[in-house]
Amino acid sequence: MSNVAGRTDWAEEDDDDQVALPAPQVTKNKDGTETIVTYIMREDGKKIKTTRRIKKTVVKTTVNPRVAERKQWAKFGQEANKPSGPQSDTTSVAENIVFRPQANWKASADDKSEHEKKKANLKDAKIKCRICSGDHWTTKCPFKDTMAPEGEAGAGVGDLDEPEAAGALGGGGSSYVPPHLRNRAGGAVGEKMGGKYERDDLATLRVTNVSEFTEEQDLRDIFSRFGHVTRVFLAKDRETGRAKGFAFVSFADRDDAKTACEKVDGYGLGHLILRVEFAKKST
DNA sequence: GATGAGCGC
């Protein structure tokens, strides 16, 4: 059937050549090297045999052990129950990710108009300290520990068992109770019932480098694998509602917090790498 | 980079 002169099917000719040439041979040598023998057909029809002896090098990719460990974590959220490793339908692994940190991401994301800024300034200007009439809140007054608000000088203070505690509350006798001091009877918040009241931050982690797209639930998902998360606070801009870049995560157990701190520090969430450390007492 | 919200006569 086939007429060699009038042939147009070159693919078939290739096939013929392949059949004509011996398959490459690979021989493993005792010293760990390999001898590879390949045959090729030159243009002029001569058969060439090539013998190569190669030494195989094992290429080790170094993965941070902590990163390797995280890869074993069970998936959560929408990816819960999916097998480990990237899902081809949602994840592209070959993409060249260019990491471009922006120094002023907050400012650039901020589309606050000029008049809004002015409004904020006006609001600030209205602040008047009740102690020294300065332009700060009474609670921020440098004299708040030594002076009572005007018109309340000394009133009732002598009757209290813990005058300095009362001063530190910033209430100085006013009826206002800051949110974190409310429901003291609940016992969940103030640890030292006999002294100054402070939030229990013994098992609280501060998480920084949190992307503005992060939500509290995202953090809860990540951290709750280490123990009972009692509270997640994500600092947000009050006007824009966008995350400010840091958060607090509290655990019921400080040991769990410690583990979580070690394990999640360096974890990539969104396009950022989380930094986790124990929270210090807020100023 | 950052240590929470919450209040104003």
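Between the CG atom of Leu272(A) and the C1' atom of dA2(B) there is a distance of 13 Å, rounded to whole Å. The distance from atom CZ of Arg242(A) to atom P of dG4(B) is 21 Å, rounded to the nearest whole Å. Look at CD on Glu277(A): it is 13 Å from P on dG1(B), rounded to the nearest Å. Residue Arg206(A) contributes atom CZ, which lies 6 Å from atom C1' of dA2(B) at whole-angstrom precision. Remark: C1' of dG4(B) and CZ of Arg231(A) are 7 Å apart, rounded to the nearest angstrom. Separating the CG atom of Leu274(A) from the P atom of dA2(B) is a distance of 16 Å, rounded to the nearest angstrom. We find that NZ of Lys244(A) is positioned 16 Å from P of dG1(B), with the value rounded to whole Å. Note: CZ (Arg238(A)) to P (dC7(B)) measures 7 Å, nearest angstrom.
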- Message: Could you go through Thr204(A) and Arg231(A), starting from their C-alpha distance and side-chain angles, then the distance that decides it, and tell me whether this counts as side-chain contact (heavy atoms from CB on, under 4.5 Å)?
- Response: CA-CA 9 Å; Thr204(A) 296; Arg231(A) 189 176 60 108; 4.2 Å; yes
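Across dA5(B), dT3(B), dA2(B), the shortest atom-to-atom separation from the side chain of Lys280(A) is found for dT3(B).
Annotated as anti: dG6(B), whose O4'-C1'-N torsion sits more than 90° from 0.
Across all non-hydrogen atoms, the minimal contact from Val207(A) to Val276(A) is CG1-CG2, 4.3 Å.
Between Asp201(A) and Lys281(A), none of the side-chain N atoms (NZ, or NE/NH1/NH2) sits under 4.0 Å from a carboxylate O, so this pair counts as no salt bridge.
Using a 4.0 Å heavy-atom cutoff across all strands shown, Arg275(A) reaches no nucleic acid atom at all. Within 4.0 Å of Ala279(A), counting heavy atoms only, lies at least one base atom of the nucleic acid.
Residue pairs meeting the ring pair (Phe, Tyr, Trp, His ring centres under 6.0 Å) criterion with at least one partner in residues 250-269 of chain A, sequence neighbours excluded, are Trp73(A)-Tyr267(A).
An aromatic stacking contact links Phe248(A) with the base of dG4(B), defined here by ring centres under 5.5 Å apart and ring planes under 30° from parallel.
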